[in-house]
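Below, chains carry the letters A, B, ... as their sequence lines are ordered, and counting in each starts from 1.
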Amino acid sequence: MTFLAVDWGYIGEHLFSDIVFEGVWMTLRLTATAMFFGVVLGTAFALMRLARAWPVKAVGLAYIWFFRGTPLIVQIVFWFFALPQVWPEWAPWNGQMSPFTTGVFALAINEGAYMTEIMRAGIQSVDTGQMEAAKSLGMTYPKAMRRIILPQALRVVIPPTGNEFIALLKNSSLVSVISVSELFLVAKLQYSSSLLYFEWLIIASLWYLALTTVGSIIQAWIESRYGAGSYGSGAGGGGVARRWLGMGVRD
Amino acid sequence: MTDSQPGTGNAPLLDVIDVHKRFGKLEVLRGITMPVAHGEVVAILGPSGSGKSTLLRCINHLEKIDGGRILFEGKLVGYREVDGKLKEEREGSIARMRAQMGMVFQRFNLFPHLTALGNVMEAPVQVLGKSRDEARETAVATLTRVGLASKLHVYPAQLSGGQQQRVAIARALAMNPKLMLFDEATSALDPELVGEVLAVMRDLAAEGMTMLAVTHEMGFAREAAHRVVFMDEGVIQEEAPPAEFFGAPKTERARNFLRRVTQT
């Protein structure tokens, strides 16, 4: 079956092949792990940016300035090839970091810079009276942040974080340059040997589209559950994060 | 329980001594001295911008002070004294002191992500370390006391302003505070909702709670307060029992103020 000289049958045969599945699985692992650490880093640096002491604030600003201001692909190559060359022991466990670990590391640090700004905006969107009320009840700053401010910031933070997740899903293809065999590298190796560029790019793109679509659906679901609209609509249920932040705890 | 702690004798529960507070070049408090005894209800009156709210916020250390001392049960609020100079206290001990004072804000500041019950349970669990069951029991009792037994599982957004403020009062009371600070607690309410909040405040006063209320409600000051403190331009201009203050104000400023507020 040919159309536009494209071998559609070939696409159908390989769309669900094992090597493609492995690539998809690697892309998912990369994205999920990097996103998790990106959110953690983003929250930490957002709190630093909002700190009163200027050296702390400066560290937060410098982080964003550097990692948002240089290309991600440069950072990836830097961590994997450049830094070990001048400082072989840089990895804390004094060994070489695998391509996967370095990939997650590079993506997470880059993502953290974007998440810092998102978290900062979320925290600042919460009325200052909330912190005052929490303090007047005897809460310390960390406790008030965790129990009162962050749960409210979450509502504002969810939509842009969804965008970040989808962007990261696609940007994870850049770690192909340090030979992490994620979806794009799998496609690349296949079209290099078979010379079926079009077919393999379609296979990869279909999977990226599938993943981003699922991502969007999950985002919409989270928003309807935790985010948009007024509190009190559709609240309830458990979840570790939810309980830890004191949201909708059954009382 | 709050009365006659050993060692305190007849010392005031709260002692404000020559407190100064500046915002930039503007000095909003210019030497405020005001002892408050156990069980006393003090109404703080004055035109807007007179520093009344700032004073209340300093007492809870939501604002730092630039001079003077604030003592709660004989202990400095927010500071410790090192070689005659005041150094700000560590956060934990400021928090422990705040846990003993309740504060009610003009704009309620309820936690919108928690139900009425959740709002009232939060601090007893998180700050006092009570079990959820124990905190729930106290919270239900406290919400019942302010007339909201039927609203336990409702979120703040679904409550009227008056109901929200009563939840806020219950939230403060659940900490079993020794002192309640009311910062214009009825000023953000629709006129028809003021009464229900004032009724709760009157009950509290009648039960012997030590209260400091910045207010524009002359009726409350007249009937529930033991003492009226009239402030203007960062200074206490006059203080007297309500009958005396409303009957025969001594200063020209107080007379002008009373003329203006009673006209409306």
Check each atom of [X] against the heavy atoms of chain A and say whether the ones under 4.5 Å are side chain, backbone, both or neither.
| X | answer |
| --- | --- |
| B:Phe105 | side chain |
| B:Met175 | side chain |
| B:Arg57 | side chain |

Could you grab the distance from atom [atom1] of [X] to atom [atom2] of [Y], nearest 0.5 Å is fine?
| X | Y | atom1 | atom2 | value |
| --- | --- | --- | --- | --- |
| B:Arg98 | A:Glu132 | CZ | CD | 9.0 Å |
| A:Thr140 | B:Arg96 | OG1 | CZ | 10.0 Å |
| B:Glu122 | A:Arg147 | CD | CZ | 4.0 Å |
| B:Phe111 | A:Leu137 | CZ | CG | 5.0 Å |

Please check: side-chain N/O of [X] versus main-chain N/O of [Y], any donor-acceptor pairing under 3.5 Å?
| X | Y | result |
| --- | --- | --- |
| B:Asn109 | A:Gly129 | yes |
| B:His61 | A:Ser136 | no |
| A:Lys143 | B:Gln126 | yes |

Atom CD of B:Glu137: over 12 foreign heavy atoms under 6.0 Å:
no
CZ of B:Arg69: more than 12 outside heavy atoms within 6.0 angstrom?
yes
Contacts table for residues 35-45 of chain A: side-chain donor-acceptor under 3.5 angstrom, sequence neighbours left out:
{"residue": "A:Thr43", "atom": "OG1", "partner": "A:Val39", "partner atom": "O", "Å": "2.7"}

Heavy-atom pairs under 4.5 Å with chain A, option from B:Leu128, B:Val154, B:Ile94, B:Leu110 with the top count:
B:Leu110
Pick from B:Met103, B:Glu91, B:Met101: which one has the most heavy-atom pairs with chain A under 4.5 Å?
B:Glu91
Quick test of your reading: applying ring-ring contact (aromatic ring centres under 6.0 Å, His included), list the pairs with at least one residue in residues 98-141 of chain A, sequence neighbours left out, ordered by first then second residue.
A:Trp79-A:Phe105, A:Trp90-A:Phe105
